[in-house]
Amino acid sequence: MRNNLSGLLHRYMSKNIQTGGLPTDRAITPALLTRRYRPLFPKAQPAIALLAGLLVAGMGTAVAGTPLRVAYAGSMGAVMDLHLGPAFAKAHHVQYQGEGQGAYGLAHLIAAKKLRTDVFISITPGPIEVLEKAGMVTKAVPVASTAMVIAYSPKSRYAQDFAAAAAGKTPWYTVLEKPGIQFGRTDPQTDPQGQNIIFTFLLAQKYYHQPDLVQRILGPVENQKQIFTEPSLLARLKSGEMDASSGYESAVKSLHLPFITLPDQINLSNPAMAKAWYDTVHFTMEVDGKTKTLHTQPLVFYAAVPKDALNPKLGEAFILFMTSKAGQAMFKETGYNPPKGGDLS
């Protein structure tokens, strides 16, 4: 365990020295590193604190330079912070500063000018449309795509049942109805994944002829017993704090978690299924005090440079890098599929 932690922290510190993975006004401290890795290793806090202290003591001050600020959908943490961001920063001799949260939440912060970023990367067109309406972007480029899956913890007492479902030996939704199952998802108010898992279950109701499946497993739209922040969701699953969760195939593969593949008719990955399947479901939710009807959107990641970006040319260069052969190889290595669909403009 200690060797694994040491390797993680060394990579994290190395990244920040070369690329400025944290904002320039935040000092890299043992406490900061301990908070960063607490979700992944909840039972090893003394070891994390000790290693962080030793590493920081010998690191000195991070190299200063022009920062590239990237705000991205929270599920993209691994590919952005460990692959694309550092590679681009090294090639362009700049710092990389990544911020991962629910894409709708980030879009509203950018639209309200409470967050300035050089690149915004959204899952589904919805958050991009928030910025279009605010006059903050005029174009967004597809950079990758993914599919909805059901991820499960190898530490769950029902792990064998989930494995049987993944092998097609038993319906996956029957495992989620077993006594005491803790299922996790994200907030549909702030995160597209929180909406997409509801769409997936609505489609599953039709596909499997289970008319009350949503209520049986998810309960109400805003079921606080199931809702967690996107960055912590899969970390909690990995640690065994929950049995199963919603997930994007890309993020689940990045963390090497087991998962159940879902049919194209319900996984929101195939634009060819939109008219016959995806477009046939919707749900309503209170948004800013108003009842809003939500519809499905393809699981495509779009990147845009906001109009108030501090380094717009650097942002454009980063988008070109993500769509390049090298960038697409990094996406593929971390579980993402090629981009689908055209530019949003």
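Checked against the 6.0 Å centroid threshold, Y278 and F199 do not count as a close aromatic pair.
In this structure, E249 CD and T261 OG1 are separated by 6.0 Å, a value rounded to the nearest 0.5 Å. Between atom CG of residue L131 and atom OG1 of residue T138 there is a gap of 11.0 Å, rounded to the nearest 0.5 Å. Note that CD1 of I260 and CD1 of I150 are 6.5 Å apart. Values are rounded to the nearest 0.5 Å. Atom CE of M330 and atom CD of E333 lie 7.0 Å apart (nearest 0.5 Å). To the nearest 0.5 Å, atom CZ of residue F228 and atom CG of residue L237 are 10.5 Å apart. Here the CG-CG distance, from L268 to L203, works out to 6.0 Å after rounding to the nearest 0.5 Å.
Ion pairing between E177 and R216 holds under the 4.0 Å rule for side-chain N and carboxylate O. Using a 4.0 Å cut-off between a side-chain N of Lys or Arg and a carboxylate O of Asp or Glu, K275 and D279 do not qualify as a salt bridge. A salt bridge does not link E129 with K133: none of the charged nitrogens is closer than 4.0 Å to a carboxylate oxygen.
The two residues L262 and V149 make their nearest non-hydrogen contact at CD1-CA, 4.1 Å. Contact between Q297 and G126 at its shortest, heavy atoms only, is OE1-N, 2.7 Å. Between K340 and S269, the shortest heavy-atom distance links the atoms NZ-O, 2.9 Å. D243 and G180 make their closest contact through OD2-O, 3.8 Å (heavy atoms, listed as atom of the first residue, atom of the second, distance). Between L233 and G184, the shortest heavy-atom distance links the atoms CD1-C, 3.7 Å. The shortest heavy-atom contact between L115 and A71 is CD2-CB, 4.2 Å.
A search for side-chain hydrogen bond (donor to acceptor under 3.5 Å, both in side chains) contacts involving Q205 returns nothing, not counting sequence neighbours. Shown here are the salt bridge (Lys or Arg N to Asp or Glu O under 4.0 Å) partners of R157, two or more places apart in sequence or in another chain: there are none.
I217 and I227 fall into different hydrophobic clusters, defined by Ile, Leu, Val, Met, Phe, Trp and Tyr side-chain heavy atoms under 4.5 Å apart, directly or through other members.
One side chain, Q193 or S246, offers a donor N or O that lies under 3.5 Å from an acceptor on the other. Judged purely by distance below 3.5 Å, without hydrogens or angles, the side chains of K292 and T284 never pair a donor atom with an acceptor atom.
D118 places no side-chain N or O within 3.5 Å of a backbone atom of A309 that could act as its donor or acceptor partner. Within the 3.5 Å criterion, the main-chain N or O of P179 finds a donor-acceptor partner in the side chain of Y158. A donor-acceptor pair under 3.5 Å is formed between the side chain of T334 and the backbone N or O of F331. The backbone N or O of G327 lies less than 3.5 Å from a partner atom in the side chain of S324, making a donor-acceptor pair. Of the possible polar contacts, one joining the N196 side chain to the P192 backbone as a donor-acceptor pair under 3.5 Å is found. Of the possible donor and acceptor atoms, none in the side chain of Q328 sits under 3.5 Å from a partner among the backbone N and O of A144. In this structure a side-chain-to-backbone donor-acceptor pair under 3.5 Å is missing from Q95 to R69.
With a 6.0 Å radius and a threshold of 12 heavy atoms from other residues, nucleotides or ligands, K113 has its NZ atom at or below the threshold.
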After noting the C-alpha distance and the side-chain angles of F120 and I128, does the key distance pass the side-chain contact (heavy atoms from CB on, under 4.5 Å) rule? CA-CA 8 Å; F120 172 57; I128 296 293; 3.8 Å; yes
Show the numbers, then the answer: is there a side-chain contact (heavy atoms from CB on, under 4.5 Å) between H295 and T293? CA-CA 7 Å; H295 300 272; T293 301; 3.7 Å; yes
side-chain contact (heavy atoms from CB on, under 4.5 Å) evaluation trace for K307 with V137: CA-CA 6 Å; K307 289 187 176 180; V137 301; 6.0 Å; no
Could you walk me through whether N267 and Y248 pass the side chain to side chain donor-acceptor pair (under 3.5 Å) check? CA-CA 9 Å; N267 70 13; Y248 293 135; over 6 Å; no
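Partner of W172 under the ring-ring contact (aromatic ring centres under 6.0 Å, His included) criterion, out of F201, Y207, F259: F201 alone.
Side-chain atoms of M148 and I266, non-hydrogen and from C-beta on, never get closer than 4.5 Å to each other. Between T323 and V141, some side-chain heavy-atom pair lies under the 4.5 Å cut-off. Annotation: side chain of L106 is not in contact with side chain of Y104 (no heavy-atom distance under 4.5 Å).
Using cut-offs of 30° and 60° for the angle between ring planes, the F301 and Y336 rings count as perpendicular.
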